[in-house]
Amino acid sequence: MHNTAAMLIELGAIILALGLLGRLAGRMGFSPIPLYLLGGLAFGHGGLLPLQASEEFTATGAEIGVILLLLLLGLEYSASELVTNLKTQYPSGAADFVLNAVPGALAALIMGWGPVAAVALAGVTWISSSGVIAKVLGDLRRLGNRETPVVLGVLVIEDLAMAVYLPILTALLAGVSLAGGTVTLLISLSTVGAVLYVALRHGRLISRAVSSDSAEMLLLVVLGLTLLVAGLAQELQVSAAVGAFLVGIALSGEVAEGAGNLLMPLRDLFAAVFFVFFGLSTDPADIPPVLVPALLLAVVTALTKIATGWYAARRAGIRGAGRWRAGGTLVARGEFSIVIAGLAVAVEPRIGPLATAYVLILVVVGPLTARYTEPLARRLTRRSTARTQAAPVEAERAEPVPADA
């Protein structure tokens, strides 16, 4: 009974604090995500007032938060739109890998961590946070923007790439034979392919089966189906987030619209819990020793992510402002980076604190770059244009007047 009371008190305090932080962020005019993270950091392990009774419940709520974020992203787009996007965006996915995975791999090799740790740190710096970016797009009301499908295309390619990357990394860390790693990889790829096939060919049947005139029944069926598919995907070495996203694209029409409206408040609650939990699970004492290399790596890969988004939007025919918005939106890292670092700490313990500091920096900076990259680029462009136009005028003034004029 005492534990239950303590859990309820802690949960009530967390949710109340989330509401107050969200209100403060709204008045200041920016995303509440950085405040959620810093609040979790203050009350996590090694923080000002560690929370213990509600830790397990909060961890589960954080998992549900990521799943709901990706589900509602999937509900915004159909399966055909996803496949078309993947076909057109694969060069951007390749550029994303080269620009963002290589700096992490090089950093690990320079620090002498070895090739396996290099593969792990490459994944940490490569993958953007779908959860954070989904929340930022909603907060900034950009889901309908022209560049948003480009951003989602890059994120989906990254998430699907995890179905290939994670089995390979797990095999390298465990020293598994080539045959064992190949079997795991084939299972992952087959799972993703099967779900995509069902979504493309039988999406209308799924929507019809899920549809209900009762809001209560629709909510229960969609939520239950999403959690079931996400759990099965996780069990088959595919990301639970990918499973939830694919459920979202399998639903269409009125079902997708109705489910989105019903699930949005739940998404906002559990997504906030996810960001708080990330802060709760980080010990502030582990950050200072690795802060300088993490900061350098964050600066480099923030710039490479902006370049990735700019290139992807340019290929899609998006104009200048949308290109910069796409680049700034992709900066945040999060859930996948932490998962990868957690797998790799057995081989290289120093990768854990470095990844935590790195992700914490970019998950705070990410919402800010999403908001301010485009205005800053526009301002710098105007200054550059003004200087270019002023240069001929100054040259003309400086040109001597001929004596016979």
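Here, residue 1 is the first one in the sequence, and each next residue gets the next number. As the structure is a computational prediction, the values presented were derived from the model and not from experiment.
Within the 4.5 Å cutoff, no side-chain heavy atoms of Leu140 are placed close to those of Asn145. Residues Leu155 and Leu330 form a side-chain contact, since some pair of their non-hydrogen atoms from C-beta on lies under 4.5 Å apart. Two residues are said to be in side-chain contact when any heavy atoms from C-beta on lie closer than 4.5 Å; Leu75 and Glu257 fail this criterion. Taking 4.5 Å as the limit, some side-chain heavy atom of Leu121 sits within range of a side-chain heavy atom of Leu354. Here the side chains of Val222 and Leu225 are not in contact, with every heavy-atom distance at 4.5 Å or above. A heavy-atom distance below 4.5 Å is found between the side chains of Leu266 and Leu263. In this structure, Leu20 and Leu24 have side chains that are not in contact, with every pair of non-hydrogen atoms separated by 4.5 Å or more.
Between the side chain of Thr148 and the main chain of Gly144, no donor-acceptor pair closer than 3.5 Å is present. For Arg333 (side chain) and Val331 (main-chain N/O), a donor-acceptor pair under 3.5 Å exists by modelled atom type. Arg315 places no side-chain N or O within 3.5 Å of a backbone atom of Gln89 that could act as its donor or acceptor partner. Formation of a donor-acceptor pair under 3.5 Å by the Thr373 side chain with backbone atoms of Ala370 is not found in this model.
In this structure, Leu296 CG and Leu291 CG are separated by 9.5 Å, a value rounded to the nearest 0.5 Å. Atom CZ of Arg325 sits about 13.5 Å away from atom OG1 of Thr369, to the nearest 0.5 Å. Phe270 CZ to Thr60 OG1: the interatomic distance, rounded to the nearest 0.5 Å, is 9.5 Å. Between the CG atom in Leu376 and the CZ atom in Arg378 there is a gap of 10.0 Å [rounded to 0.5 Å]. Atom CE of Met264 sits about 10.0 Å away from atom CG of Leu262, to the nearest 0.5 Å. With values rounded to the nearest 0.5 angstrom, Leu227 atom CG is found 5.5 Å from Ile67 atom CD1.
Of all heavy-atom pairs between Ile133 and Val151, the closest is CG2-CG1, 4.1 Å. The minimum heavy-atom distance between Tyr165 and Val119, with the atom names listed, is OH-O, 2.6 Å. Contact between Thr301 and Leu362 at its shortest, heavy atoms only, is OG1-CD1, 3.9 Å. Contact between Ala244 and Thr226 at its shortest, heavy atoms only, is CB-CG2, 3.9 Å. Here the closest non-hydrogen pair linking Ala107 and Leu297 is CB-CD1, 4.0 Å. The minimum heavy-atom distance linking Ile340 with Ala120 is given by the pair CG2-O, 3.3 Å.
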> For Lys305 and Glu158, what are the C-alpha separation, side-chain angles and deciding distance, and is it a salt bridge (charged side-chain N to carboxylate O under 4.0 Å, His left out)?
Replying inline: CA-CA 13 Å; Lys305 272 293 180 183; Glu158 289 182 348; 2.5 Å; yes
> Passes side-chain contact (heavy atoms from CB on, under 4.5 Å), Thr329 versus Glu147? Steps please.
Replying inline: CA-CA 10 Å; Thr329 303; Glu147 75 275 2; over 6 Å; no
> side-chain contact (heavy atoms from CB on, under 4.5 Å) between Ile306 and Trp324: does it pass, once the steps are laid out?
Replying inline: CA-CA 7 Å; Ile306 291 174; Trp324 291 113; 3.9 Å; yes
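With a 6.0 Å radius and a threshold of 12 heavy atoms from other residues, nucleotides or ligands, Glu374 has its CD atom above the threshold.
With no hydrogens or angles considered, a side-chain donor-acceptor pair links Asn100 and Thr304 at under 3.5 Å.
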